[in-house]
Amino acid sequence: MPSIDVNLLADLQARGLVAQMTGDDQLNTYLGEGSRTLYCGFDPTADSLHIGSLVPLLTLKRFQDAGHKPIALVGGATGLIGDPSFKAQERKLNTADVVESWVGKIKTQVSAFIEFDGCDNSAEVVNNLDWTVGMDVLTFLRDVGKHFSINNMINKESVKQRIDREGAGISFTEFTYMLLQSFDFAELYKRYDCSLQIGGSDQWGNIVGGVDLTKKMHGGKAFGLTLPLVTKSDGTKFGKTESGTIWLDAAKTSPYAFYQFWLNSADADTYKFLKYFTFLSVAEIDGIEEADRIAEGRPQGQRILAEAVTRLVHGDSGLEAAERITAALFSGALESLSESDLDQLKLDGLPATTLSRKELQGLSLTQVLVDAGMVSSGKQVKDALGRNAVLINSHPKGAEQNMDIDKCFPVSDAFYGRFYIVKLGKKKYHLFELGD
RNA sequence: GCAGGGGUUCCCGAGUGGCCAAAGGGAUCAGACUGUAAAUCUGACGCGCAAGCUUCGGUGGUUCGAAUCCACCCCCCUGCACCA
């Protein structure tokens, strides 16, 4: 019998991790009385989860650490349908085999965050396709559908804009999503005595649906709890950068890029993120915030955040790689890098391109940097060139050298005869390795 | 199927014959200031180093000239009808 941390809910609240919950203090009492089973669903809408999913994922772990049993549900079924909640438009359906391949990847990812060591509250990973694929429509309509009121469903905030708004609309398929998710909860209740569902605050409608259905189908007592949507102080969308989404998959977002993402958090968000994304105690985090407030200059919060989350997602080796690159590039002493350091940077995930001098002939610098993926258009390079913001092995290049590729990559400047580090703007780096 | 509304550059959204590569806002990029932060200010923001080239759902047409006008087609939304 795992020991129960009765302060779990209070801690979650102190972290700002509770958006809404059913049953108010009933849930607190319920969680304090014994080890409970809870679940959170992750739909396979891509081949990897992104950092938005980290909040519920880590919350599952927090529950496990407090003595409860977490179930990560991968939506092999729901992923075929598409959740309409707060979506402005109907989404395109993915094919069954694509979704299936994503399910596999996401199962693996999810599994990294919770413990399966065979203890009493060891985690489970399930796929809702397992109990929906064999179900026929009539059974579904009679056993599940009958418990839902359309009147109720169309009044849900989550589909309101699709019902009201001109230019949108919702298909029966997506409208039915809620029934599927609700059925998952009821099913997990039956199979695992799962009595709590957590999820992002956009899932509130679906979660409440599941709570109700569990009651109706099995007379079970079930709870729901939602986590806040992660927002940024400046109002822009969390989890995106100019180069796109921050994924958990190292092949899609390198540990270095991942680390940099967190390091670049705004002060106004950093301490909140520490509470959301790390296991540091609230007291520790408050201490860090206070220390940063008093200290002059650069705060420590971002670094602590970046280290903690990168280690959590990419492990010690991923963190080391990220820190190695960061130290090399941002110390301003590129010349001090050894040849093996440079080779290592490539392996560590610093964006890199290999080219021969022959291939470069006739190309403009703008073209080379665009091809390497540093920028999306030559205009941006031109703009940077005009402001002395392009440095190649620490030598600034100007617009007049754009067409003279040999002056951009002079043999005499190459590190160890083959490496060039191009810096564009304040923090974009790219390694070029030139052969003959 | 009928009627009405609509499809503009990443997003929102102006534009209804030339002054439109297309207002404005957001996002994004770069510079200054800083702490690889925020705020602020400046510049960029279809593609191209440039000459120039390609856009406003699609295809044709009218015109010296079209995102703007006409025809047909495709897609979305709303209502009605059909299904009964």
Side-chain angles (χ1 to χ4, degrees), chain A residues 87-92 161-171 174 231-246 256-274 288-289 291-307 310 322-323 325-334 350 360-371 373-391 396-408 421-430:
Chain A
K87 301 285 188 318
Q89 283 187 324
E90 183 87 10
R91 285 184 298 169
K92 177 173 125 256
Q161 62 170 326
R162 296 283 289 278
I163 306 275
D164 295 345
R165 189 187 161 189
E166 185 118 350
I170 182 167
S171 69
E174 284 197 6
T231 56
K232 290 205 293 176
S233 56
D234 63 5
T236 59
K237 199 168 170 155
F238 169 76
K240 300 266 186 192
T241 66
E242 75 278 5
S243 41
T245 305
I246 305 296
Y256 162 69
F258 189 86
Y259 178 88
Q260 285 287 323
F261 170 81
W262 296 103
L263 195 64
N264 278 293
S265 300
D267 291 2
D269 295 323
T270 300
Y271 310 98
K272 177 171 83 175
F273 288 175
L274 278 165
I288 295 165
E289 181 168 11
D292 281 345
R293 200 178 56 76
I294 296 167
E296 292 282 312
R298 191 189 203 148
Q300 295 302 303
Q302 280 88 340
R303 204 202 76 244
I304 296 169
L305 174 68
E307 276 177 16
T310 307
E323 289 186 320
I325 299 179
T326 297
L329 299 180
F330 290 90
S331 68
L334 296 181
L350 179 68
L360 280 181
Q361 290 314 308
L363 293 179
S364 57
L365 181 60
T366 42
Q367 189 63 51
V368 173
L369 300 192
V370 169
D371 289 349
M374 279 189 86
V375 283
S376 55
S377 86
K379 280 257 170 50
Q380 289 178 21
V381 180
K382 194 187 149 202
D383 182 49
L385 281 171
R387 294 157 180 274
N388 279 319
V390 179
L391 273 69
K397 302 297 167 187
E400 68 286 350
Q401 282 147 65
N402 184 35
M403 292 314 290
D404 193 343
I405 208 73
D406 289 327
K407 281 219 179 80
C408 290
I421 291 179
V422 177
K423 178 183 184 188
L424 193 152
K426 226 176 299 187
K427 35 190 158 175
K428 250 186 275 188
Y429 289 92
H430 195 99

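What you see is a predicted model; the values in this text were computed from it and never measured. Protein chains get the first letters and strands the later ones, always in sequence-line order, with residue 1 at the start of each.
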Within the modelled atom types, does a donor on one side and an acceptor on the other bring the side chain of [X] and the base of [N] under 3.5 Å apart?
X      : N     : value
A:K426 : B:U34 : yes
A:Q302 : B:U36 : no
A:D267 : B:G35 : yes

What is the nucleic acid contact for A:D234, judged by heavy atoms within less than 4.0 Å: base, sugar-phosphate only, or nothing? sugar-phosphate
Donor-acceptor contact below 3.5 Å, side chain A:D269 vs main chain A:S233: yes
Going by the salt bridge (Lys or Arg N to Asp or Glu O under 4.0 Å) test, which pairs reach into residues 380-391 of chain A, not counting sequence neighbours? A:D383-A:R387
Would you tabulate the nitrogen or oxygen pairs shorter than 3.5 Å linking the protein to nucleotides 49-51 of chain B?
from  : atom 1 : to     : atom 2 : distance (Å)
B:C49 : OP1    : A:S364 : OG     : 3.1
B:C49 : OP1    : A:T366 : OG1    : 2.6
B:C49 : O4'    : A:N402 : ND2    : 2.7
B:A50 : OP1    : A:K382 : NZ     : 3.0

Distance between [atom1] atoms of [N] and [M] (Å, rounded):
N     : M     : atom1 : value
B:A21 : B:G13 : P     : 24 Å
B:G48 : B:A39 : P     : 29 Å
B:A81 : B:U62 : P     : 43 Å
B:U8  : B:G57 : C1'   : 10 Å

Among B:U42, B:A27, B:G35, the nucleotide that comes nearest once only the side chain of A:R387 is considered: B:U42
Which nucleotide in B:C29, B:G35, B:A30 has an atom nearest any side-chain atom of A:A389: B:A30
Partners passing ring-ring contact (aromatic ring centres under 6.0 Å, His included) against A:F261 (at least two apart in sequence or in another chain): A:F238
A:Y429: partners by ring-ring contact (aromatic ring centres under 6.0 Å, His included), with sequence neighbours left out: A:F330
Is it true that A:Q302 and A:S265 share a donor-acceptor pair across their side chains at a distance under 3.5 Å? no
Side chain to side chain donor-acceptor pair (under 3.5 Å) against A:K272, all qualifying residues, sequence neighbours excluded: A:T231
For A:Q260, enumerate each residue passing the side chain to side chain donor-acceptor pair (under 3.5 Å) test, keeping only those at least two apart in sequence or located in another chain. A:T326
Taking only N and O in the side chain of A:R298, is any of them less than 4.0 Å away from OP1 or OP2 of B:U36? yes
Ignoring backbone atoms, test whether A:K427 places a side-chain nitrogen or oxygen under 4.0 Å from the OP1 or OP2 oxygen of B:A37. yes
Separation of A:M374 atom CE from B:U28 atom C1', in whole Å? 16 Å
Rounded to the nearest angstrom, tell me the gap between atom CZ in A:F273 and atom C1' in B:A37. 12 Å
